[in-house]
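Comments concern the structure below.
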Amino acid sequence: SFTMNMYLFAYDLMQFCGHSWIFTNMIIRFMTFGKDSLADTFHSIGLVMRLCQLLSVLEILHILIGIDKSRLLPRFLQITERIIVLFVVINSQEEVQGKYVVCVLFFLWNLLDVVRYTYNMLARMGIYYLPLTWLNFSLCILLYPLSVLAKGFTICVSLPYFESFGTYSIKLPFPFTFSIYFPYVLKMYLLVLFAGMCFIIQNLFSERMAHLGTGNIKKKRS
């Protein structure tokens, strides 16, 4: 309906503004301070980044109630990957926040999202600009695997700190005889992360074919 379409447009606009601010801030700070800006990337943009990622959880709800026709599982995996890495790994370990890989990861996320939400906003209005459509469904195939590698590297870098500080590790009292050692949980999650990557890349190729197939391109041009 018109009301739902306007709501989705407003949602995409808010996300576009948030990610554009982050992306522009990162570029300006790097051009101004050079490598020195990388170490405090999280402290300068972390709050807005967390807000944008929390807001993205609404996309799962959009699919569940049927106002967004995207596939649920791939989108669910992409969102939960970011939530886990951002809130569980990076946010909980101050030593990890200053690593260069965090800056690389944020750059990849925001580059993808600026393009995606720009495309979504125009699509809500029935505007399909072919170069933007091509960029939206092609760039993600290249950058998503790089972002997964950055997530994996971030988790690996964080492991010594989780081991040293015991963050999220739980030793259950008597009569229970087992404990939860969180570094092991993260190592198992690395396997899930890379297995999910194969599934999501396959879905990205399917979406690209659906939107950039010869018949669809002619239809959008007309």
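Residues take their numbers from the sequence shown, with the count starting at 1.
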For a 4.5 angstrom cut-off between non-hydrogen side-chain atoms, does F30 reach I27? no

Can we say R29 and D36 salt-bridge, meaning some charged N sits less than 4.0 Å from an Asp/Glu carboxylate O? no

Would you say M4 and M6 are hydrophobically clustered, going by side-chain heavy atoms of ILVMFWY under 4.5 Å? no

Interatomic spacing from CG in N25 to CD1 in I45 - rounded to 0.5 Å: 6.5 Å

Connected via hydrophobic side-chain network under 4.5 Å: I28 and V48: no

For the hydrophobic clusters of this structure (ILVMFWY residues joined by side-chain heavy atoms under 4.5 Å, transitively), does one cluster hold both L38 and V89? no

Check C52 against Q15 and note the closest heavy-atom contact, atom names and distance. O-NE2, 3.2 Å

Taking everything shown except W21 itself, do over 12 heavy atoms lie less than 6.0 Å from its CH2? yes

Under a 3.5 Å threshold, yes or no: a donor from one side chain and an acceptor from the other, between S138 and R208? yes

Side chain S147, main chain L108, donor-acceptor under 3.5 Å: no

E163 atom CD, neighbour heavy-atom count above 12 within 6.0 Å: yes

Tell me the closest heavy-atom pair linking L146 and L142, and the distance in Å. CG-O, 3.6 Å

Can you tell me if Y11 and E59 form a side-chain donor-acceptor pair at under 3.5 Å? yes

Identify the heavy atoms of V96 and V102 that sit nearest to each other, and give their distance. O-CG2, 3.3 Å

Heavy-atom pair of closest approach, residues L186 and S158: CD1-OG, 4.0 Å

For Q202, I'd like to know if atom CD has over 12 heavy atoms of other residues, nucleotides or ligands within 6.0 Å. no

N/O donor-acceptor pair under 3.5 Å between S56 side chain and Q53 backbone: yes

Sub-3.5 Å donor-acceptor pair from the side chain of S37 to the main-chain atoms of F33, do we have one? no

Over 12 foreign heavy atoms within 6.0 Å of CZ, F205: no

Please check this pair: side chain of S44 against backbone of T41, looking for a donor-acceptor N/O pair closer than 3.5 Å. yes

Are Y168 and F182 an aromatic pair by the rule of ring centers under 6.0 Å? yes

Are F9 and L61 connected into the same hydrophobic cluster when the rule is that any two of I, L, V, M, F, W, Y join if their side-chain heavy atoms are below 4.5 Å apart? yes

What's the shortest heavy-atom distance between L13 and M121, and which atoms? CA-SD, 3.5 Å

Classify the angle between the aromatic ring planes of Y181 and Y184 as parallel (below 30°), tilted (30 to 60°) or perpendicular (above 60°). perpendicular

Shortest non-hydrogen contact from L193 toward G152: CD2-N, 4.0 Å

For residues Y119 and Y129, establish whether the separation of their ring centroids is below 6.0 Å. no

Can you confirm whether more than 12 heavy atoms, excluding those of F76, are under 6.0 Å from its CZ atom? no

Show the numbers, then the answer: is there a side chain to side chain contact (heavy atoms under 4.5 Å, CB included) between K187 and L159? CA-CA 9 Å; K187 289 175 183 178; L159 287 175; 3.9 Å; yes

Can you confirm whether more than 12 heavy atoms, excluding those of M125, are under 6.0 Å from its CE atom? yes

So, the side chain of Q97 versus the backbone of N91: is there a donor-acceptor pair under 3.5 Å, distance only? yes

Kindly assign one of parallel, tilted or perpendicular to the pair F106 and F42, based on the angle between their ring planes and the thresholds 30° and 60°. tilted

Hey, what do you get for CH2 (W109) to CZ (F23), rounding to the nearest 0.5 Å? 15.5 Å

